[in-house]
Amino acid sequence: MSEFDEDDAFEAAPQPSLAQRAMAARPMRYMDRLNPAQREAVEALEGPVLMLAGAGTGKTMTLMARIAHLVTLQRARPYEILAVTFTNKAAREMKDRLSNTPFRLCEPIRWMGTFHALSVKILRSHAELVGLKSNFTILDADDQVRLLKQLIVAAGIDDKRWPARALAGVIDNWKNYAWTPENVPVSQASEFDGKAVELYAAYQDRLKTINAADFGDLLLHVVTLFQQYPDVLAQYHRRFKYILVDEYQDTNVAQYLWLQLLVGEQKNICCVGDDDQSIYGWRGAEVGNILRFEKDFPGAKVVRLEQNYRSTPHILAAASGVIDANTKRLGKTLWTAAEDGEKVRLIGHWDGEEEARWIGEEVEAMQHGTRGLRPFSLNDMAILVRASHQMRAFEDRFLTIGLPYRVIGGPRFYERMEIRDAMAYFRVATSPDDDLAFERIVNTPKRGVGDKALQTIQRAARANGISLLEATRLLVTSGELKGKAKTELARLVDGFDRWQAAVRDDRNSHIELAEVILEESGYTEMWQNDKTPEAPGRLENLKELVKALEQFENLQGFLEHVALIMDNDSDNDGPKVSIMTLHGAKGLEFPAVFLPGWEDGLFPSQRSMDESGLKGLEEERRLAYVGITRAEELCTISFAANRRVYGQWQSALPSRFIDELPEDHVDVLTPPGLYGGGYGAAGMGNSIEEKAASANVYNSPGWKRLQARSQSRPMSQPAESRTVVIDSQAVSSFTQGDRVFHQKFGYGYVMGIEGDKLDIEFEKAGSKKVVARFVTPADRVDDVPF
DNA sequence: AAGATCAAGCTTTTT
DNA sequence: GCTTGATCTT
């Protein structure tokens, strides 16, 4: 891979690059945009620096200016800088922005990426030293659990009582602490019925034989590599003159060690973070790392960025009010020069559906400008939820009213069955020892291989110490397999021989190769013969998969990308409102933000509080802080009295965080469901009091205060009625009884037509009212909308 | 061995 | 309520 080319330059003397000379002509323009604190952070190049950067204080810009400064002053060449980010998104964004004005580094910072991505890069060069081959595959959580399950069963443990997922959790956690099986402290011995350490060791063994690493291993292996091979570490010390770390508050112990090892004598490390935005404690992140920085690096310079350029004063004040309730903080005071703007809006709803309905209408209204607000593009609006299952209510609603949306971080492209299958083929082709992948596709498409045949193969593999693929080859030639399974498997082994040879021969186009594999294996054919409504979509996805290959040099590079980078960046067509989790929203900003589901138990999440007590609650509070500070101009918080959980109705109290919002900065909107905003309440005979009593909701301090506030204010107008733009052509192209197809609901029949909506009885999803243009006649499923 | 029917567990967050 | 995995039936 080309990334490794500069290894040749490992020991070369620094030469001013073209980029540097270009910069010298127009020196340090990036400095012009910085405020004094930011400038201070940029200019403190030598020695350890901690940059405490509050939300929206221009952290990324400062970080990039620092990189530009290092290069301009020729302290380091771009490849001598190690820049670690927490997400791939952040890495990509920085790379993009660094290639533009005013930074304009023509030469990219090659060593910029997540801990995991950088670890892979390091491990590919030294895999043998940690017991892997350089073409090792990266297992995702799913593979990991499947492998562990095999080991649990093999150990004669009841996997019902001791589920593999739980063990995976334990092992992940240990890896977060960089504990190898030998290093797990005795205090942990009782985990998983006292079998965890033993199973962990077996798991690590197994990973080596199938030439694979899980996510935790990527960090762990680098740490052990550096600990055991000082000469290797010394190479990297010589290379990396400066280290920058983003989101330092999110680092776990393993990452902390990773950094400690990599920092050279000069301690040129700059860590950027915000303790108030530490929201990954559950994943092993240690806020302690950032709190302890000055102890770890005596003489460290600490710079605080406190001027916020993102949000209005009301929004900042609301966020501060919430986060102030936390106890352990380094302490920052955000301020802004911006004008007042709108207060944070707060609204209660009867149930989750009404909340979704209201937000849907509000989003539509805001597109055109409502309540004296400016119009907002859909791209400028986002709905941030605590847990991903909350997304469904919005998806359903938006689909029904035809509001374009995009789900960020939802079920991902690569997690789909067909993509995982296809990748399993690619994995075996590039890494023949990958038994897990082989197992996945050995009978997909159906090759007449059942439990019995598979067990025979596994036994042969274990007996001879070979991979499943080799074992299959053995059994096919020895004639131990019979019938359909024999001929089909012979073909499969044959196929892999050819494909593996093709992988090794780099004259081949990997794109064509991928197509050949999917074709010759019969995988594409399998879906072509499939008559279920999903089949066309799956074929479409496979095409997209092959198309995605274009951006990579080879199959392995692609597999690595998919394993590490889990986003589907595809849809940029037309404005859409975003739906994502609060965690997924970190680092993003939107002019208008909706924060639904502020109910105790949901947010703060009951589970967090049960498992981690006050610590958990404070992390939830930081999450609330992150949510509010995503908003630039308008922030709307809402809660529902009732919500369906597990299909069961449950009522909840408004979140305790609502009580923490400072009154002066909040505008209480009248709950439409309770005060005649349109749905439910009017004319149904059940008074507000009855509803309140039955739900036992409105006795909380939060609700009482809410009522007190709303009485002192004029009721705001219900969202003005809009004329719906009807695509009459689309409606009229359907008649009752038509068979239709819908992207989400599948096939169904038109039962009636109402305005621009069709009343459809879906085969799977039941009866729904759906906007006509989201439906296609069933005989034309090829050109589905979206 | 493949398809069908039934039960359980799930809903925190992600590299 | 939904999906996944396990068991049953052909």
Side-chain angles (χ1 to χ4, degrees), chain A residues 84-91 113-120 138-142 144-146 149 159-160 163-166 169 172 175-176 213-220 247 250-252 254-255 258 278-285 384-393 396 408-412 414-415 417 443-454 482-485 488 560-567 580-586 597 601-612 616 619-620 622-623 626-627 643-650 764-766:
Chain A
V84 195
T85 62
F86 195 67
T87 64
N88 297 297
K89 207 162 55 188
T114 62
F115 280 101
H116 297 271
L118 294 168
S119 297
V120 171
I138 302 162
L139 301 189
D140 62 20
D142 209 76
Q144 192 186 2
V145 170
R146 282 196 300 143
K149 189 174 171 181
D159 70 315
K160 285 264 172 56
R165 290 184 57 128
D172 274 349
K175 286 182 177 176
N176 285 338
D214 66 20
F215 275 104
D217 279 343
L218 299 179
L219 301 173
L220 187 56
E247 310 281 17
D250 287 329
T251 51
N252 60 32
Q255 288 159 337
W258 196 99
S278 160
I279 55 176
Y280 285 101
W282 53 275
R283 230 176 71 189
L384 312 183
V385 297
R386 172 67 243 267
S388 57
H389 65 86
Q390 292 172 262
M391 294 179 179
R392 178 175 290 153
D396 281 352
I408 296 179
R412 288 170 244 281
Y414 86 102
E415 275 172 354
M417 188 206 315
N443 199 32
T444 314
K446 300 269 177 285
R447 296 191 174 90
V449 180
D451 278 352
K452 234 187 80 208
L454 187 58
K482 295 190 179 66
K484 190 184 173 200
E488 290 288 322
E560 190 170 304
H561 170 87
V562 181
L564 290 172
I565 298 166
M566 323 171 137
D567 53 2
M580 65 185 93
T581 64
L582 286 161
H583 285 88
K586 193 162 82 157
L602 183 59
F603 187 41
S605 135
Q606 192 58 50
R607 191 159 161 186
S608 286
M609 294 188 290
D610 290 348
E611 283 174 8
S612 317
E619 182 153 314
E620 295 286 307
R622 291 193 290 269
L623 210 41
V626 168
R643 206 173 276 281
R644 243 209 307 233
V645 189
Y646 294 121
Q648 217 100 53
W649 282 100
Q650 278 192 318
K764 294 240 170 72

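What you see is a predicted model, and the numbers here were worked out from it, not measured in a lab. Proteins come first, then strands; the chains are lettered A, B, ... in the order of their sequence lines, and each starts at number 1.
Summarising the geometry, the separation between CG on A/Leu139 and C1' on B/dT15 is reported as 14 Å, rounded to the nearest angstrom. Atom P of nucleotide B/dT13 and atom OH of A/Tyr280 are separated by 11 Å, given to the nearest angstrom. Rounded to whole angstrom, the span from the CG atom of A/Asp140 across to the P atom of B/dT15 amounts to 12 Å. A/His389 has its NE2 atom 19 Å from the P atom of B/dG9, to the nearest Å. Here the P atom of nucleotide B/dT11 and the NE2 atom of A/His583 are 15 Å apart, to the nearest Å. Rounded to an integer number of Å, the gap from A/Asp172 CG to B/dT13 P is 15 Å. When the C1' atom of B/dT11 is taken as reference, atom CZ of A/Phe603 falls 16 Å away, rounded to whole Å. Whole-Å rounding puts the A/Ile279 CD1 to B/dT15 P distance at 11 Å.
Between A/Tyr280 and A/Phe86, the ring-plane angle classifies as tilted under the 30° and 60° cut-offs.
Looking at heavy atoms from C-beta onward, A/Ile138 lies in side-chain contact with A/Val120 at the 4.5 angstrom threshold. Counting heavy atoms from C-beta outward, A/Ile279 and A/His583 have side chains that approach closer than 4.5 Å.
An OP1 or OP2 oxygen of B/dT14 is reached within less than 4.0 angstrom by a side-chain nitrogen or oxygen of A/Thr581. Side-chain nitrogen and oxygen atoms of A/Thr87 include none within less than 4.0 Å of the OP1 or OP2 phosphate oxygen of B/dT15. One finds a side-chain N or O of A/Asn443 lying less than 4.0 angstrom from the OP1 or OP2 phosphate oxygen of B/dA2.
Each of A/Phe86 and A/Ala485 was matched to the nucleotide of DNA chain B holding its nearest heavy atom; the match closer to the 5' end belongs to A/Ala485. Judged by closest nucleotide on DNA chain B, A/Gly448 is the one of A/Gly448 and A/Glu620 placed further toward the 5' end.
Contact between A/Thr114 and A/Thr87 at its shortest, heavy atoms only, is CG2-C, 3.4 Å.
The base of B/dT13 is not paired with the side chain of A/Arg283 by any donor and acceptor separated by under 3.5 Å.
Between the side chain of A/Gln255 and the backbone N or O of A/Asn252 there is at least one donor-acceptor pair closer than 3.5 Å.
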Protein proximity profile, nucleotides 1-10 of chain C - base contact B, sugar-phosphate-only contact S, no contact -, cut-off 4.0 Å on heavy atoms: B---SS----
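The salt bridge (Lys or Arg N to Asp or Glu O under 4.0 Å) check on A/Arg165 picks up nothing, with sequence neighbours excluded. Every ring-ring contact (aromatic ring centres under 6.0 Å, His included) that A/Phe115 has, sequence neighbours left out, goes to A/Trp258.
By the neighbour-count criterion of 12 heavy atoms within 6.0 Å, atom CG of A/Asp451 is sparsely surrounded, having that number or fewer from other residues, nucleotides or ligands.
Comparing atom distances between the A/Ala453 side chain and each of B/dA2, B/dT13, B/dA1 picks out B/dA1 as nearest. Considering only the side chain of A/Thr114, B/dT15 comes nearest among B/dT13, B/dT15, B/dA2.
Between C/dT4 and B/dT13, the distance separating the two P atoms is 15 Å to the nearest Å.
Residue-level contact check: A/Glu611 touches the bases, meaning some heavy atom is under 4.0 Å from a base atom.
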